[in-house]
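Working notes, structure below.
Position 1 is the first residue of the sequence, and the numbers go up from there.
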Amino acid sequence: VYVVDATQRRIRRVRPDGIIEAFAGTGAEGYAGDGGPALEATFTAPGSIAVGPDGSVYVTDTYSTPEVYYMGVIRRIAPDGTIHRFAGVDAYCNSGWDWNAECNEEVPPLEAEVDSQVFGLAVSDEGTVCWSEWGWDRIRCVGLDGLVRSVAGGDVACGAWGSDPECGDGGPAAEAQIKEPRSLAFGPDGALYLVDAVTRIRRIGPDGIISLYAGMYGDQMAAVNGVPATESSIQAQDIVFGADGALYLINSDPQYLRSVRRIHDGVVHHVAGRKMYCAAGLDCEVGAPALDAELPNINELAVAPDGTLY
């Protein structure tokens, strides 16, 4: 299991024998070390993390100079332990931070700008690398041809004046609107799933068509357990697919501190997290049934090959 230790600016790894070890970063602040050993590199603000089919580990970071304030970058730690920049540039395109398709579409990743607010990162079984850009309301991917393309989102955010009430569902994802995208995950069906504005999860199929997978548009006061996923209120923070093909999500809403929900066959179920803070004297953490556990601060999920959910 790989862990982003953001406060220590390190990437750490928990081995199968339970031993935790440093994997990347010295703990010092600042962007440096590309081309050398990952353990000797430094990070500014490591964030999302994903593992590729060849064992490469991708992690988001930011790059800042006196001339450039917090450009986003994606870094790759190769199986041999060296770290490299995978996507992102050192300077603004055309001296500005507004979206510019000429600089960012159909270009190699090392020539593309990356938003400094990347909250989701995913790699497909074939090696396609995708990330969510919160500030630009876009999902972009580096395809197998090595070029960057927007696969969803655009100039108008979902829910903004002039946008489609259903934000393009049922049509091409590249023409759809999204808003403040967060976590991403590739499903066993090859589709890309994304958290959109925390209140819904959307699916981009291999055919490029986008659809609503969970949550709703508009009013969110609805049932949360044992109902169709598209009729349930959600406040999704992170998503991941289990070995059983189900989608698991961290949910945050007034009814629970943080909870874990499971969506399978289109139905959502609450599987972990209690509805209120644990009373004094009760053990609601280690050794407690998952539905009785107090989960106030979980932010990300991971699934092991044996199906264990972390």
Side-chain angles (χ1 to χ4, degrees), residues 1 48 50 119-120 122 125 132 158 166-167 169-170 178-205 210-279 282-310:
V1 177
S48 299
F119 295 144
D125 290 341
S132 62
C158 178
E166 294 187 349
C167 300
D169 283 344
I178 59 177
K179 181 179 180 181
E180 299 172 354
R182 300 184 69 88
S183 179
L184 301 176
F186 278 98
D189 58 355
L192 178 63
Y193 294 75
L194 63 116
V195 174
D196 183 20
V198 308
T199 60
R200 50 194 173 262
I201 298 169
R202 299 171 78 184
R203 174 187 182 272
I204 302 173
I210 192 168
S211 58
L212 183 65
Y213 179 77
M216 300 180 298
Y217 297 96
D219 185 11
Q220 288 290 305
M221 298 303 292
V224 298
N225 191 42
V227 298
T230 53
E231 298 176 10
S232 176
S233 295
I234 64 171
Q235 293 284 324
Q237 306 299 315
D238 190 37
I239 56 175
V240 68
F241 277 89
D244 58 355
L247 183 145
Y248 292 84
L249 65 108
I250 295 175
N251 196 73
S252 176
D253 62 42
Q255 199 172 7
Y256 298 88
L257 303 172
R258 288 280 170 97
S259 64
V260 177
R261 296 183 185 172
R262 176 180 183 268
I263 301 174
H264 193 252
D265 291 333
V267 178
V268 62
H269 294 281
H270 172 218
V271 296
R274 59 188 291 113
K275 294 183 179 181
M276 60 192 71
Y277 285 101
C278 186
L282 295 179
D283 186 355
C284 300
E285 297 182 4
V286 177
L291 288 171
D292 291 336
E294 186 176 296
L295 306 174
N297 295 310
I298 58 171
N299 293 304
E300 294 193 19
L301 296 169
V303 176
D306 66 357
T308 301
L309 182 67
Y310 293 86

Set of side-chain contact (heavy atoms from CB on, under 4.5 Å) partners for V303, sequence neighbours left out: V240, L309
Non-hydrogen atoms of [X] and [Y] that approach each other most closely:
X	Y	value
A229	Y213	CB-O, 3.5 Å
G245	H264	C-CD2, 4.3 Å
G307	A243	CA-CB, 4.0 Å
G226	V267	C-CG1, 3.9 Å
E300	I250	N-CD1, 3.3 Å
P181	S132	O-OG, 3.6 Å

Taking [X] for its side chain and [Y] for its backbone only, find out whether a donor-acceptor pair lies under 3.5 Å.
X	Y	result
R258	I298	yes
S183	V195	no
N251	V260	no

Distance from [X] atom [atom1] to [Y] atom [atom2], nearest 0.5 Å?
X	Y	atom1	atom2	value
Q237	S259	CD	OG	10.0 Å
L194	L184	CG	CG	6.0 Å
E180	T199	CD	OG1	10.0 Å
R182	I201	CZ	CD1	12.5 Å
F241	L301	CZ	CG	12.5 Å
I234	M216	CD1	CE	9.0 Å

Would you say the side chain of [Y] lies within less than 4.5 Å of the side chain of [X], judging by non-hydrogen atoms?
X	Y	value
L291	H270	yes
N225	H269	yes
S232	R261	yes
K179	D196	yes

For D169, all residues meeting side chain to side chain donor-acceptor pair (under 3.5 Å), sequence neighbours excluded: R202, Y217
Please list, chain by chain and in numerical order, all residues satisfying side chain to side chain donor-acceptor pair (under 3.5 Å) with D189, sequence neighbours excluded. Y193, R203
Check step by step if side chain to side chain contact (heavy atoms under 4.5 Å, CB included) holds for V268 and V227. CA-CA 6 Å; V268 62; V227 298; 4.1 Å; yes
